[in-house]
Visitor: 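Take this structure first; my questions come after.
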Amino acid sequence: MPIPLLDLQAQFEEIRDEVMPAVISVIESQRFIMGEQVGRLEEAVGRLSGTEFAVACASGTDALLLPLKTLDLASSDEVITTPFTFFATAGAIANAGGTPVFVDIDPATFNIDPAAVDAAITPRTRAIIPVHLFGQMAPMQQLLALSARHGAVVIEDAAQAIGARQRNDGGWQLAGGTGWAGAFSFFPSKNLGGWGDGGMTVTDDADLAGRLRLLRVHGGAKQYHHEEIGTNSRLDTLQAAVLLAKVGHLAEWAVGRRRHAAAYDEAFESLDAVAAPPVAVDNEHVYHQYTIRADHRDELRDHLKGKGIGCAVYYPTPLHLQPCFAELRKRGGEFPESERASREVLSLPIYPELQSSQRDTIIEAIRGFYQ
Ligand SMILES: *Cc1c(COP(=O)(O)O)cnc(C)c1O
C-alpha cells in the first residue's frame, strides 16, 4: 500500500459527521459571502493566536499582502525576509510595491538568522517578515528587539505554524500573535486547511485591523463609497464552516504530529546519514512538515518514491535564485545555508492519521537505502 505525503481523505473520514452538516447548513442558508461563520472563525483564530483582532481573507498570500499594503511601500523601501520559504512570502513584498531583501537562515532551524537580519537593516527597512518554517517559530524575541530599535514592523508568516508556541520570559508567545501582524493560510494541505483557498491576518493593532477590513472589500466601509483602493479578498462562508468544524481538532492533531516526530527522531539518532530536524529549546513545534537533512538526498527521494512512499523537497530553489528576482542581482553562494538546505532537505509523511506501522515502513525504507 502506498503511503502518501499527506492523507486528507483519512482526515475527512474522521470528521465527516461534523463537517458535512456544517457545509449543508451554509448551502441551505444560501449566504455564501460573509456569513456569520466567518466572524466566528475570526474569533476562534484570534483566540488561538492570542490577538484581539483577526481578519479573514481569500488566501495566506493575501493575509501577507494586505498588511504590507497598509505600509504604502515605495520600491526604495526594503522588507527583510528569508530566501528559504514558499514563494508567497517574497511575492507579497514585491506585489505591495517594496523590495525584498533576503538574508540567510540559521542551519539548525531553517528559520531566518537574527544576526543576518541585524546586518541587513538600513534606514530604508520598513518591515521584517520571519517565516515560522515547517511549523517552528523563528526567534521572535531577538527579531522584535531589532524591530523596536529600528522602527520596522514584524509581520509573521505563520502560514505553516498555526498553534505553534515559543516560551519567552517565562510565558508563551503564540505564532502569528507575537509581531505587529501575523498571517495564516488555510490552503488545504496546511495544518488547518479548508476545502479551497483561505487566509487570515491577526493583530493587536486596532487601526491595522480596521484597514484590513476595508481593504478586503475594495476599500469601502459603506457600499459604493470607497475610502481607498482595496481588492476583493473575502473568505467564503463555506470555507469558514469547514474550518470551524476542524479548528477544535487542531490541538489534538498537533499532538499526533509531535508523536510521529518523536518516533522519527529516535529512529534517526542511530543513522549518521540522516539528521532529524532540531527544535529550538523554547519552541513547541507543530510539524507542518517533518524535514530531515539527508546524504544523497535525490537518490533517497527516488528510492522512497519507488516504494510508494510520499516525500517532497521543500524548497528546491531558494528565492534569491528565482528568475523573477534576477534584478536583485543575487548569485549562487550568496546565502550558503539556504542553498545547502535546498540540496539536503526532504520532508516525510507526518500527518496525524498516519499509522505507526506506516511510519515504521518509512523508517525501514530509509534504513534500507543506506545499508
Ligand atoms: C502556504 C504558504 C503561504 C501562502 O498561503 P496561500 O494560502 O497558499 O496563499 C505563504 N507562506 C508560506 C510559508 C506558506 O507555506
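For ligands, and for the atoms within them, numbers begin at 1 and follow the listed sequence. Note that the coordinates shown come from a computational prediction; the quantities given were computed from them, not determined experimentally.
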Visitor: Which option out of K190, Q289, H288, Q160 puts a heavy atom nearest to atom 2 (C) of ligand 1?
Guide: K190

Visitor: For the pair D157 (side chain) and A159 (backbone), establish whether a donor and an acceptor sit closer than 3.5 Å, ignoring hydrogens and angles.
Guide: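 Yes; at least one donor-acceptor contact below 3.5 Å.
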
Visitor: What atoms of ligand 1 come closer than 4.0 angstrom to any heavy atom of V131?
Guide: 13 (C)

Visitor: Will you find, in the side chains of T122 and E78, an N or O donor that is under 3.5 Å from an N or O acceptor?
Guide: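 Note: T122 and E78 side chains meet the donor-acceptor criterion.
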
Visitor: Hey, which atoms in ligand 1 end up nearer than 4.0 Å to a heavy atom of T61?
Guide: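 Once the distances to T61 are compared, the set is 4 (C), 5 (O), 6 (P), 9 (O).
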
Visitor: Please report which non-hydrogen protein atom sits nearest to atom 7 (O) of ligand 1, along with the residue it belongs to and the distance in Å to one decimal place.
Guide: S185 OG, 2.6 Å

Visitor: Using every non-hydrogen atom in the two residues, find where A10 and D7 come nearest and quote the distance to one decimal.
Guide: N-OD1, 3.1 Å

Visitor: May I have the step-by-step check of side-chain contact (heavy atoms from CB on, under 4.5 Å) for I162 and V286, ending in yes or no?
Guide: CA-CA 8 Å; I162 192 164; V286 293; over 6 Å; no

Visitor: I'd like to check which ligand 1 atoms, numbered from 1 as shown, lie under 4.0 Å from a non-hydrogen atom of A159.
Guide: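 Those atoms are 2 (C), 3 (C), 10 (C), 11 (N), 12 (C), 14 (C), 15 (O).
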
Visitor: Would F187 count as being in polar contact with ligand 1, using the rule that some N or O on each side must be under 3.5 angstrom apart?
Guide: no

Visitor: Ligand 1 and D157, any nitrogen or oxygen pair closer than 3.5 angstrom?
Guide: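 N/O-N/O distance below 3.5 Å exists for this pair.
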
Visitor: Tell me whether R259 at atom CZ has more than 12 heavy atoms from other residues, nucleotides or ligands lying less than 6.0 Å away.
Guide: no

Visitor: Of all the atoms in ligand 1, which lie at a distance below 4.0 Å from a heavy atom belonging to T85?
Guide: 13 (C)

Visitor: Please state whether the rings of Y315 and F86 are parallel, tilted or perpendicular, taking 30° and 60° as the class boundaries.
Guide: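 Tilted: the ring planes of Y315 and F86 meet at 30° to 60°.
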
